[in-house]
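Data first, discussion second: the structure below is written as structure tokens.
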Amino acid sequence: MKVFKFGGASINSVERIKNVAKIISEFKNEKILIIISAMGKVTNELENVVNLFYAGDREAALEGFEKIKSLHINVYSELTGLPAESYREIGINDLFTEVEWLLHDRPVRPYDYYYDQIVCIGELLSTSIVSSYLNITGIKNNWIDVRDIFRTDDNFRDATIDWEFTQGRVTESIVPLFDQADLVITQGFIGSTDENESTTLGREGSDFTAAIFANMLDAETQTIWKDVEGVMNADPKLFPDAQFISKLSFREVIEMAYYGAQVIHPKTIKPLQNKSIPLHVRCFLKPALPGTIISDEPVTNLPPIIVLKENQVLLQLESRDFSFVEDTLIGKLHELFADARIRPNLSLNGAITLLCCLDDKPEKIEKLALAASDLFEVQVEKNCTLLTIRHYTDEIVEKLTAGRGQLLSQQNKDTVQILIRN
Ligand code: ASP
Ligand code: MG
């Protein structure tokens, strides 16, 4: 058994959906659970609908939703060559009605509740359409509303999965489906409470759902199909000569994510790592390429891995009376960080000074600086970038920092971090 996840970009047009069908059709006689995101930017568009609804602008919310409806109706009819009205036969009409009813009400519950009831529709629509199209073209599959399987708490927009209940549902309801057809198509990112209210797991949550399914189904592998060849050693938009990496360890990926690389969320790694299930990152535009394989196996000889975190500030704190910056003072400072819900990305203690690099969230920084000024002389320097290089060499450090003001740095055997002035 395999688990596949296709992101929104892989199905953002009729052409692309056909491409996904072609990729799936090449895995003949393999049992695959397939998670598909909402089409293209539909999640963002649904978020707009929620905002309009919650601001009390019912007309605009309904109008926005109407556009989302037409998009799906048109894609379905173009994809299948069936008349526009035929979408009524695949259940997506019920999904439309579900949202429209809600939009006609006045908001009386918290924003996050409505967010989840409305935004979850994106994945339900896309998967219904793709599943139906595959069945029409002879690629037999069963479609599942994951809200019947994935039980969560009611922490809307950031719901936590009830692992035990969900495992039970997977075993009793998903596993037997594979006796009927090799493919099961379902959604990521969404779930439901014990009162049948929809929930979401946080943006970009589909990879995480796929990993949970892989874990619960004891899958042999999970594959995330993206629009890039695989994992690169740097962001190719910033570093045109970025290199493709064919193999990585779970450990390395967790380190990369910790330093700010937008590779794969550490949450996604855990369920796979716990059962030693390799994760493949492959390109849906070039399915002949092998992609990156991430697994338990340690990998040596990695190229330098470069992560840039923009929008950093340097906070310089100096004790007011030249007394040493000692434990109590540092303890108080950490309390301030915790209160502001901000964590330094890098920090360095001196005798009477303390340097911290933080994400520039202006409101938080202002509050923090003000609070810290009771204890310290405070200076804030904005417009900095935090450069992290794993598996660094002197040459690469030299190349990336030449001629740039270095404000703070720290290094150990595998990793160097340097805060530079823009
Ligand atoms: N559609 C959701 C999002 O765009 C979930 C996902 O694709 O992972 O955040
Ligand atoms: Mg995505």
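If you read the sequence from its start, that first residue is 1, and numbering goes on from there. Ligands are counted one by one from 1 in listed order, and the atoms in each one are counted from 1 as well.
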Whether the Ser131 and Asn141 side chains hold a donor-acceptor pair (N or O, under 3.5 Å, no angle test) is what I'd like checked. yes

Any N or O of Asp207 that comes nearer than 3.5 Å to an N or O of ligand 1? no

Would you list the atom pairs, donor with acceptor, under 3.5 Å between side chains in residues 331-348 and any protein atom, with sequence neighbours excluded?
residue : atom : partner : partner atom : Å
Asn345  : ND2  : Gln312  : OE1          : 2.7
Asn345  : ND2  : Asp359  : OD1          : 2.9

Any luck finding a side-chain donor-acceptor pair between Arg282 and Thr223 under 3.5 Å? no

Going by the closest heavy atom to atom 7 (O) of ligand 1, which one wins out of Gly205, Ser37, Gly8? Ser37

Are Arg109 and Glu197 close enough for a salt bridge, meaning some N to O gap below 4.0 Å? yes

Could you pull out every donor-acceptor pair under 3.5 Å between side chains of residues 76-84 and any protein atom, sequence neighbours left out?
residue : atom : partner : partner atom : Å
Tyr76   : OH   : Ser132  : OG           : 2.8
Thr80   : OG1  : Tyr76   : O            : 2.7
Thr80   : OG1  : Leu82   : N            : 3.2

May I ask you to list the atoms of ligand 1 that are less than 4.0 angstrom from any heavy atom of Ser206? 5 (C), 6 (C), 7 (O), 8 (O)

Any non-hydrogen atom of Gly7 lying under 4.0 Å from ligand 1? no

Per-atom contacts of ligand 1 with Arg203, taking only distances under 4.0 Å to non-hydrogen atoms: 3 (C), 4 (O), 9 (O)

